[in-house]
Structures are given as C-alpha cells and as structure tokens.
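A quick write-up on the structure given underneath.
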Amino acid sequence: MAEPGNFTIHSTDGLARRGTLSTAHGEIQTPIFMPVGTQGTVKAVAPDDLENIGAQIILGNTYHLYLRPGDDLVARRGGLHKFSQWNKPILTDSGGFQVFSLSSIRTISEKGVEFRSYLDGSKHFFSPEKVVSIQQNLGSDIMMVLDECVGFGADRDYTAQSLERTTRWAQRCRDAHEPGQNGQIMFGIIQGGFHEDLREKSLAQLSEIPFEGFAIGGLSVGESTEEMYKILNHIAPLMPKEKPRYLMGVGTPLDILEGIGAGVDMFDCVLPTRNARNGTLFTSQGKVNIKRAEFKEDDGPLDPACNCYTCRTFSRAYLRHLYVSGEILSYRLNSLHNLAFFLELARQAREAIVQGRFDKLKAHYQNIYGPGSRA
RNA sequence: GGUGGGGUUCCCGAGUGGCCAAAGGGAACAGACUGUAAAUCUGUCGGCGAACGCCUUCGGAGGUUCAAAUCCUCCCCCCACCA
C-alpha cells in the first residue's frame, strides 16, 4: 500500500481532478464527501450503515472528544478507530471551527485559545502543540492544524493579523508532528477572510510548510453564496496541484460541485445529517421537506433514483409519519439517505471527471438545486 | 334528590368588569439549518382587510352596565362527595 499522504491524480476535467489519497487506514477516492462525526459518531448512523452507503472517511472533532470522553481515555482504548469501531480513515478537525462557533466563551492569544467548556464551564487551553497531541491520542489519519476561523464580519486588519498567527500556529503544529509520523498526516488551513490578496498571502505562507494537504477554511461563515464562490474560485486553483485540497465545512450539493469544479478534492459538512434530523431531505429532484402535508398519503419512495435502504424500503408517507411522530428511526433513515445522496453526488462527480463531462453534471444539478428551482 | 366544583378559541389550560380575539403548552401549517453547544430554531395559527379597523367567539337564553369570558336570573351538560 502507498505511503500515507501519497496523492495520485488519475485524470482531470478542466480544473476538476479525480484522485486517490492514501492514508494509514486505506485509500480515499476523490473528490469525496466526508460525513461529520463530531463526537466519535456520525449522529444516528452506525458504522455498518456508513459502510453500506459507501462512506470512505469520516470526521471527528478534537475539541469535543478532548472534553468528553477525553483523548487519553480514547488512547487507552486503542484510538478512535478502535473505540468507535470505524476502521476506515478518520480526519479530525482541530477545534479551529470552535474558535469561531464558540467565540462567546473563548479568548485568543499568540499562545493559543482559552475555551470554557460548553459542558461544565471549566477552563481549557488549546495551543497548537496541545491540539496535535490530542489528535495523536485520537489516532486520526488526517490531522488538521489549529487555526482561527474568522467570521464574515471581521475587518481587514484583524483578518490580516489573524492569518499570520494562523500561519505561525500551523508551523508549530508541523513542528510538533514529523511528516508521516505514526502514519498520521497533517493538513494546513488557509484563512484570509474575503480578501483575495489575504487568501493568497495565507496560501503562500502555508505552502512553505511541508503539509501533506491543504484546506480552505473560513468559508460558509455567514457570507452570501456569491462571496463564497468568489474566494473559492480564486484560491482553490492556486493551491499546490500535487497535494489534496480540502474545502472545510462546505456545503450544499451545488457548493460541492462548485468546489470540485474549482479543483477541490475533499468536502465535509453537517448539512446532510443535521437537515436529515430536521426533516429536510436531498433528492435527485430537489429538496424534500418530509413533514409537509402533501406527503401524508404519498406511497412513493423518497427518491426513485436513490438506491439507499431508506428509498428502497419505505414510502414518503411512512417517513413523514416517523418524522412527525418524533420516532428515533426517522433520524436514522433520514440521515442514511442524505448521506447516501451526498456520497452518490461525489461518486457521480468522480465518474463525470473521468468521462470528461463534469460541466454537464454540474449544469444538471444547477437545474435542480439552482435559484430558479423549487429547492 | 342534596352539597360542592366545573363547562374558554382544534385539544389541554390561564384569565373573574375595560389594557381580551383572549396567557402558556400541544396539535396543525410553513420556513431555516454549511470544519455540529442543534433529534434544534423561527414564523403563522377566529373571519374579512394592505392598513386604521370592522365582524364573530369564552355551554344556552335573558338581564345589569358606558363597557361582560368575567356580575345577576333561569336552563342544559360534566365531575366529586353525600343520600
């Protein structure tokens, strides 16, 4: 098997790439969507379900797992793979997003970030080194550097200073973990807000550090789709071509296709799982809000074009009943389907790139999920 | 048969003279959700109207009052206990 971090591009279609990334727990076919499993579980979905729908890699979160059950405890159980019984690749986020999402209960300094636990209010300190150590304990295949995810409202001066600090933190993370050490690879994270020149600066600085891959952070933090696409399309093509590119926290089906079209290889987003729990399902015909009265006696499948267990087995009327009744099975079946849809979208993208018709695929989905559509 | 309690907008339930088309919850109907403090949150929820507003509604019928879901009279129904 190829060395963890090895990335091979098999074919391209415009800027879009079809590749394979090697990790200690197997290969990842890109472009790929990665289900989010913050607390060591993709909410409502068991590992065998994930395998069945073709998930290749899932996420875990440094901050959450450090607070509970504790990374030491996980290490004593043989690492996150063994603990959670997911034996394929795992990417752990660094807690950088929590710098943004928990901004009301943290303070940032050059040394790192002091957080108050959302569980009990206790104080905790995350330095770049600490975050690496936690991820080493968790044993993830892909570690992310500690970064500051700057919100959409941040001004240019702050964003510029923050980006420099994120670079220094990135270097410290790299220094704390040799390339390929224990089979764990590490990605740097580009920040720079919504200024193209700052994004370029962040990229230039991070490119000097020998990371196995690079991520675009700080998007989908409150900006418009137009603003997000502008930055995405500007920076993604400038990123090192021979390394995997990861767009963090994005996004909708169209966002993902936009990203792939810009040359991004990896995506993660809570949207399919969270929306599933909240009754919004993604289908080949657009979004379906399963709680709507119109599905009360709809005996058809959720998505006739989908081959997942949910769509093969149950009617819209039943899925609506489960959701409206607050039944646990609703969360599982809905999550399973939405994830299957996102994974299938990525699979179709891989296929289309090889066949040189990625633009057609993208146009197809724009037609379904675009502004003029009902979804 | 007696005594006490009670009948409120789809449901439960607050309201005991004006600030009441009537708290709160539920249901219903719709919307949001982008590196998960989210099985969460938001809006609408008597009718007409863009709106000032007008109309209908608090078991029924009458009455008192400038004004009644709220006070009085009679009637109907429910619950508890007593006979």
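Chain naming here is simple, since letters A, B, ... match the order of the sequence lines and numbering starts at 1 in each. These numbers come from the heavy atoms of this one structure, side chains and all, not from hydrogens, waters or symmetry mates.
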Review point. What do you reckon, are the aromatic ring centroids of A/Y369 and A/H364 less than 6.0 Å apart?
Key: no
Practice item. From the options B/A39, B/U34, B/C33, select the nucleotide whose nearest atom is closest to the side chain of A/Y331. Key: B/A39
Check your understanding: B/U36 P sits how many Å from A/L67 CG, rounded?
Key -> 13 Å
Practice item. In whole angstrom, give me the gap between the C1' atoms of B/U36 and B/C58. Key: 46 Å
Study note, to complete from the structure: Residue pairs passing the salt bridge (Lys or Arg N to Asp or Glu O under 4.0 Å) test with at least one member in residues 356-367 of chain A, sequence neighbours excluded, are A/E258-A/K362, A/E351-A/R357
Practice item. Check if the side chain of A/T273 and the base of B/U36 share a donor-acceptor pair of N or O atoms closer than 3.5 Å. Key: yes
Check your understanding: Side-chain N or O of A/Q98 less than 4.0 angstrom from OP1 or OP2 on B/U36?
Key -> yes
Practice item. For B/A27 and B/A51, measure between their P atoms and round to the nearest Å. Key: 29 Å
Review point. Between B/U40 and A/R277, is there an OP1 or OP2 to side-chain N/O distance shorter than 4.0 Å?
Key: no
Practice item. Could you list who else is in A/L198's hydrophobic cluster, with ILVMFWY side chains joined at under 4.5 Å, directly or through other members? Key: A/L163
Practice item. Using Watson-Crick or G-U wobble geometry with both distances below 3.5 Å, tell me the partner of B/C10, or none. Key: B/G26
Exercise for review: Could you tell me which residues satisfy salt bridge (Lys or Arg N to Asp or Glu O under 4.0 Å) with A/E200, sequence neighbours excluded, listed by chain and number?
Suggested key: none
Check your understanding: In whole angstrom, what separates A/L232's CG from B/U34's P?
Key -> 18 Å
Review point. Can you check the A/M248 CE to B/U34 P distance for me, whole Å?
Key: 15 Å
**Study point:** Pair assignment for B/G49, Watson-Crick or G-U wobble, requiring both distances under 3.5 Å
**Key:** none
Point to revise | Check: A/F126 ring centre within less than 6.0 Å of A/F115 ring centre | key: yes
Point to revise | Integer-rounded Å distance: B/A30 C1' and A/R292 CZ | key: 7 Å
Study note, to complete from the structure: Quick note, A/N275 side chain, CB onward, closest among B/A37, B/C33, B/G31 is B/C33
Practice item. Please give the nucleotide sitting opposite B/U65 as a Watson-Crick or G-U wobble pair, both distances under 3.5 Å, or none. Key: none
Review point. Heavy atoms under 4.0 Å, any strand shown: does A/D268 hit a base, just sugar-phosphate, or nothing?
Key: sugar-phosphate
Exercise for review: Taking only the side-chain heavy atoms of A/C149 (C-beta and beyond), determine which of B/A38, B/A39, B/G35 contains the nearest atom.
Suggested key: B/G35
Review point. What nucleic acid atoms does A/E223 come within less than 4.0 Å of, heavy atoms only: base, sugar-phosphate, or nothing?
Key: nothing
Exercise for review: Using the C1' atoms only, state how far B/G17 lies from B/G13, rounded to an integer number of Å.
Suggested key: 22 Å
Check your understanding: Over how many whole Å does the gap from A/I231 atom CD1 to B/U34 atom C1' extend?
Key -> 17 Å
Exercise for review: Tell me which of A/I328 and A/T280 sits closer to the 5' end of RNA chain B, going by the nucleotide each one is nearest to.
Suggested key: A/T280
Check your understanding: Between A/S133 and A/E129, is there a donor-acceptor pair closer than 3.5 Å when you use the side chain of the first and the backbone of the second?
Key -> no
Exercise for review: Mind jotting down which residue pairs meet the salt bridge (Lys or Arg N to Asp or Glu O under 4.0 Å) criterion with at least one end in residues 141-152 of chain A? Sequence neighbours excluded, please.
Suggested key: A/E148-A/R165
Check your understanding: Do the ring centers of A/F267 and A/Y246 come within less than 6.0 Å of each other?
Key -> no
Practice item. List for me each residue that meets ring pair (Phe, Tyr, Trp, His ring centres under 6.0 Å) alongside A/F342, sequence neighbours excluded, and say none if there are none. Key: A/F33, A/F282
Exercise for review: For nucleotides B/U57 and B/U40, find the distance between their P atoms and express it as a whole number of Å.
Suggested key: 40 Å
Practice item. State yes or no: are the ring centers of A/Y63 and A/Y66 separated by less than 6.0 Å? Key: no
Practice item. Verify the contact: side-chain N or O of A/S101 to OP1 or OP2 of B/G35, cut-off strictly under 4.0 Å; return yes or no. Key: no
Practice item. Select one nucleotide: of B/G31, B/G35, B/C33, the one nearest the side-chain heavy atoms of A/S94. Key: B/G35
Point to revise | Complementary nucleotide of B/G31, counting Watson-Crick and G-U pairs under 3.5 Å | key: B/C41
Check your understanding: For A/G96, does its backbone N or O pair with a side-chain atom of A/S94 as donor and acceptor, under 3.5 Å?
Key -> yes
Study note, to complete from the structure: Here the residues of residues 33-66 of chain A within 4.0 Å heavy-atom distance, strictly under, of RNA chain B are A/V36, A/T38, A/K43, A/L59, A/N61, A/H64
Practice item. Tell which nucleotide pairs with B/C20, taking only Watson-Crick or G-U wobble pairs whose two distances are both under 3.5 angstrom. Key: none
Practice item. Taking atom P in both B/C12 and B/G63, compute the distance separating them and give it to the nearest angstrom. Key: 31 Å
Point to revise | Residue pairs passing the salt bridge (Lys or Arg N to Asp or Glu O under 4.0 Å) test where at least one lies in residues 90-99 of chain A, sequence neighbours excluded | key: none
Check your understanding: In whole angstroms, how far is the P atom of B/A39 from the CG atom of A/L322?
Key -> 18 Å
Exercise for review: Please determine, for B/A80, whether a Watson-Crick or G-U wobble partner exists with both distances under 3.5 Å, and give it or none.
Suggested key: B/U3
Could you run down the sub-3.5 Å N/O contacts of the protein with nucleotides 41-46 of chain B?
none

Point to revise | Any-strand Watson-Crick or G-U partner of B/U56, both distances under 3.5 Å | key: none
Show the distances under 3.5 angstrom between N or O atoms of the protein and N or O atoms of nucleotides 25-28 of chain B.
none

Donor-acceptor list for residues 37-53 of chain A side chains, cut-off 3.5 Å, not counting sequence neighbours:
from, atom 1, to, atom 2, distance (Å)
A/D49, OD1, A/R332, NH2, 3.2
A/D49, OD2, A/R332, NE, 3.0
A/N52, ND2, A/D48, O, 3.2

Check your understanding: Taking the same atom, C1', in B/A68 and in B/C82, what whole-Å distance lies between them?
Key -> 35 Å
Exercise for review: Output all residues satisfying ring pair (Phe, Tyr, Trp, His ring centres under 6.0 Å) with A/F7, sequence neighbours left out; order by chain, then residue number.
Suggested key: none
Study note, to complete from the structure: RNA chain B nearest-nucleotide lookup for A/T252 and A/G326: closer to the 5′ end is A/T252
Review point. For atom C1', what is the distance between B/C10 and B/G46, given to the nearest Å?
Key: 11 Å
Practice item. Considering only atom C1', compute the distance from B/C72 to B/U9 and round it to an integer number of Å. Key: 26 Å
Check your understanding: Separation of A/L271 atom CG from B/U34 atom P, in whole Å?
Key -> 7 Å
Point to revise | Where at least one partner belongs to residues 97-115 of chain A, residue pairs that pass salt bridge (Lys or Arg N to Asp or Glu O under 4.0 Å), sequence neighbours excluded | key: A/E110-A/R168
Check your understanding: To the nearest Å, how far apart are A/R274 CZ and B/A37 C1'?
Key -> 10 Å
